[in-house]
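Since the structure comes first, as structure tokens, the remarks are kept for the end.
Just so you know, ligand 1 is whichever comes first in the structure, and atom 1 is the first atom listed for that ligand. Here the structure is a predicted model, which means the values were calculated and not measured. The first residue of the sequence shown is numbered 1, and numbering continues consecutively from there.
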Amino acid sequence: MSDRIGEKLALSIVSPCYNEEGCIDELYRRLQATAAALVGDSFEIILVNDGSKDKTLEKLRHLTLTKENVVVINLSRNFGHENALTAGLLRAEGQRVFIVDADLQDPPELLKDMMLMMDAGADVVYGRRRSRLGETKLKMISARFFYRMLERLIEIKIPLDTGDFRLMNRKTVDVFKTFPEEFRFVRGLLSWIGGNQVALFYDRSPRYAGESAYPLTKLVRFGLDAVTGFSILPLRIASYLGFLMGLMSAAMLIYAFYGWIKGEAVAGWTSLSCFVLTIGSVQLLVLGIFGEYLGRLYIESKRRPLFVISDILISKVTEPVT
Ligand code: UDP
Ligand code: MG
């Protein structure tokens, strides 16, 4: 822990928590048992409270009062999963950093295998889901579609069916700390860093308690962040669409002109309305794509902080440190 000055901490575990009151105690129990068996006392468990509305903060506070090796970062409100995770990663001091969701969908015990793979030379060991238990069909299908679509759209290779669940070495975390962007698709950024990244296949469990904070609408936004953060292909598609519409208009012009010369200019209400509607909607679509990028550029240009920390609670420290 931080009171051991001069000694390097072997492992940091980072877990973002949003309304996870039912999971916290079990999460701590399993993380502590796993970490202690691997690195003795040389670890910290960083739990980030992302503006939870239930008793998560109280549970976390209780942990810092009764258990060791716990650091609680209490954010001032809900900043979202990716920002909460970033808050934890920025604070992590360990030589290796392990990210795990608070809901225990990803078994913390796999850390042991990840450590072995890292001993063998990996910079990053990421968990790749072989199966997902206890998820709704809609979520399974949308997740599957999401990862496949992402693969086509973005230029860097983000491994399929992979979340944030992973172990990283210090080098990778240090690079991650230099990313300034506001819209963060953390797993994409981590893939971007490169190095020797290897997969560990596992079966994803159902949530231990509580419910997912990712309904379909949030997933769509998450997807947009992922795509716009790593690719300008949609902008290019917009120009292709424009080009295609241009060609079609040229053909239509020739046709219309020909009809006029021959004196057969008919009323043509159907074709005309089809054209107007198509051109109108394509224009709006293109504007929408532009808007997505422009809006992000606008927010990005403000350079606001990614999150605000209300207080940090550390095991055995009774007074909150700010
Ligand atoms: N989470 C968070 N802030 C949010 C939403 C989620 O910190 O605004 C945390 C949540 O507590 C969990 C992780 O992010 O540890 C993943 O969220 P969730 O389990 O709801 O997503 P899913 O596993 O269903 O994709
Ligand atoms: Mg989950």
Side-chain angles (χ1 to χ4, degrees), residues 13-28 30-31 45-60 63 70-92 97-108 110 126-147 150 158 160-166 182-188 190 202-226 306-310:
I13 301 173
V14 176
S15 190
C17 312
Y18 176 63
N19 294 346
E20 302 284 11
E21 60 179 6
C23 302
I24 302 293
D25 290 337
E26 180 68 5
L27 175 71
Y28 173 80
R30 285 174 65 179
L31 286 180
I45 301 178
I46 302 178
L47 301 166
V48 184
N49 177 38
D50 187 18
S52 301
K53 292 178 183 70
D54 62 358
K55 295 204 165 58
T56 301
L57 181 60
E58 279 154 55
K59 288 262 178 197
L60 293 175
L63 273 187
V70 181
V71 177
V72 171
I73 302 178
N74 183 30
L75 301 185
S76 65
R77 61 170 173 85
N78 180 260
F79 282 92
H81 178 193
E82 308 286 299
N83 288 345
L85 186 56
T86 305
L89 289 176
L90 291 183
R91 162 84 202 197
V97 179
F98 180 50
I99 305 177
V100 64
D101 279 356
D103 57 8
L104 292 167
Q105 279 190 293
D106 308 312
L110 290 179
Y126 57 87
R128 183 163 172 183
R129 299 152 189 172
R130 204 175 325 154
S131 67
R132 298 164 146 240
L133 301 169
E135 303 264 32
T136 61
K137 257 223 142 60
L138 184 66
K139 173 106 184 197
M140 299 265 285
I141 294 170
S142 53
R144 227 190 128 71
F145 174 73
F146 172 71
Y147 288 114
L150 206 59
I158 296 180
L160 291 171
D161 305 315
T162 302
D164 297 314
F165 182 48
R166 63 188 68 212
E182 179 100 9
F183 287 96
R184 322 191 124 235
F185 179 57
V186 173
R187 61 198 74 160
L190 292 173
Y202 73 107
D203 299 302
R204 201 165 201 225
S205 327
R207 260 181 165 273
Y208 181 72
E211 50 191 66
S212 169
Y214 274 102
L216 202 60
T217 44
K218 248 189 172 175
L219 266 183
V220 171
R221 244 181 51 200
F222 187 60
L224 276 175
D225 284 350
L306 299 174
F307 48 82
V308 177
I309 297 176
S310 281

Practice prompt. Return the minimal non-hydrogen interatomic distance between Ser15 and Val100, and the atom names on each side.
Written response: OG-O, 2.8 Å
Worksheet item: To which protein heavy atom is atom 20 (O) of ligand 1 closest, and what is the distance rounded to 0.1 Å?
Response: Ala213 N, 2.6 Å
Discussion item. Below 3.5 Å, N or O to N or O, backbone or side chain included: is there any such pair between Ala84 and ligand 1?
Written reply: no
Worksheet item: Any side-chain heavy atom of Leu47 sitting closer than 4.5 Å to one from Leu27?
Response: yes
Discussion item. If you compare all heavy atoms of Ala102 against all heavy atoms of Glu20, which two are closest, and at what distance to 0.1 Å?
Written reply: CB-CG, 3.8 Å
Discussion item. Show me which atoms of ligand 1 lie under 4.0 Å from any heavy atom of Asp103.
Written reply: 19 (O), 23 (O)
Worksheet item: Which ligand 1 atoms, with their elements, are less than 4.0 angstrom from a heavy-atom of Gln105?
Response: 19 (O), 22 (P), 23 (O)
Response to the item:
Here the atoms of ligand 1 under 4.0 Å from any heavy atom belonging to Ser212 are 20 (O), 21 (O), 22 (P), 24 (O)
Worksheet entry | Shortest non-hydrogen separation from Lys53 to Tyr18 and the atoms involved | NZ-OH, 3.1 Å
Worksheet item: Taking all atoms of both residues into account, what is the closest heavy-atom pair of Ala87 and Val48, and its distance?
Response: CB-CG1, 4.3 Å
Discussion item. So does Asp103 get a backbone contact from the side chain of Asp101, meaning a donor-acceptor N/O pair under 3.5 Å?
Written reply: no
Worksheet item: atom 25 (O) of ligand 1: which protein heavy atom is closest, and how many Å away?
Response: Lys139 NZ, 3.3 Å
Fill in: Test of proximity, Asn78 against ligand 1: N or O pairs below 3.5 Å
yes
Worksheet item: Does NZ or CZ of Arg30 fall inside the cone over Tyr28's six-membered ring, less than 6.0 Å from its centre and within 45° of the axis?
Response: no
Practice prompt. Measure the distance from atom 21 (O) of ligand 1 to every protein heavy atom, then report the residue, atom name and distance (to 0.1 Å) of the closest one.
Written response: Tyr214 CD1, 3.2 Å
Worksheet entry | Shortest non-hydrogen separation from Thr56 to Cys17 and the atoms involved | CG2-CB, 4.0 Å
Worksheet item: Is the closest heavy atom of Glu82 to ligand 1 under 4.0 Å?
Response: no
Fill in: Top protein contact for atom 9 (C) of ligand 1, by heavy-atom distance
Pro16 O, 3.7 Å
Worksheet entry | Atoms in ligand 1 flagged as close to Arg204, the criterion being non-hydrogen separation under 4.0 Å | 23 (O)
Practice prompt. Name all residues meeting the side chain to side chain donor-acceptor pair (under 3.5 Å) criterion together with Asn49; count only those two or more places apart in sequence or in a different chain, and write none if there are none.
Written response: Ser52, Asn74
Worksheet, complete the sentence: Checked the Mg ion (ligand 2): protein N, O or S atoms closer than 2.8 Å come out as Asp103 OD2, Gln105 OE1
Response to the item:
When distances are taken from atom 16 (C) of ligand 1, the protein heavy atom at minimum range is Asp101 OD2, 3.4 Å
Practice prompt. May I ask you to list the atoms of ligand 1 that are less than 4.0 angstrom from any heavy atom of Ala102?
Written response: 15 (O)
Worksheet item: If you measure from each non-hydrogen atom of Glu20 to ligand 1, which part falls under 4.0 Å: side chain, backbone, both or neither?
Response: side chain
Worksheet, complete the sentence: For Arg207 and Ala209 the tightest heavy-atom approach is NH1-O, 2.9 Å
Discussion item. Can a donor-acceptor pair be found, under 3.5 Å and without considering hydrogens, that links the side chain of Asn78 to the backbone of Asp50?
Written reply: yes
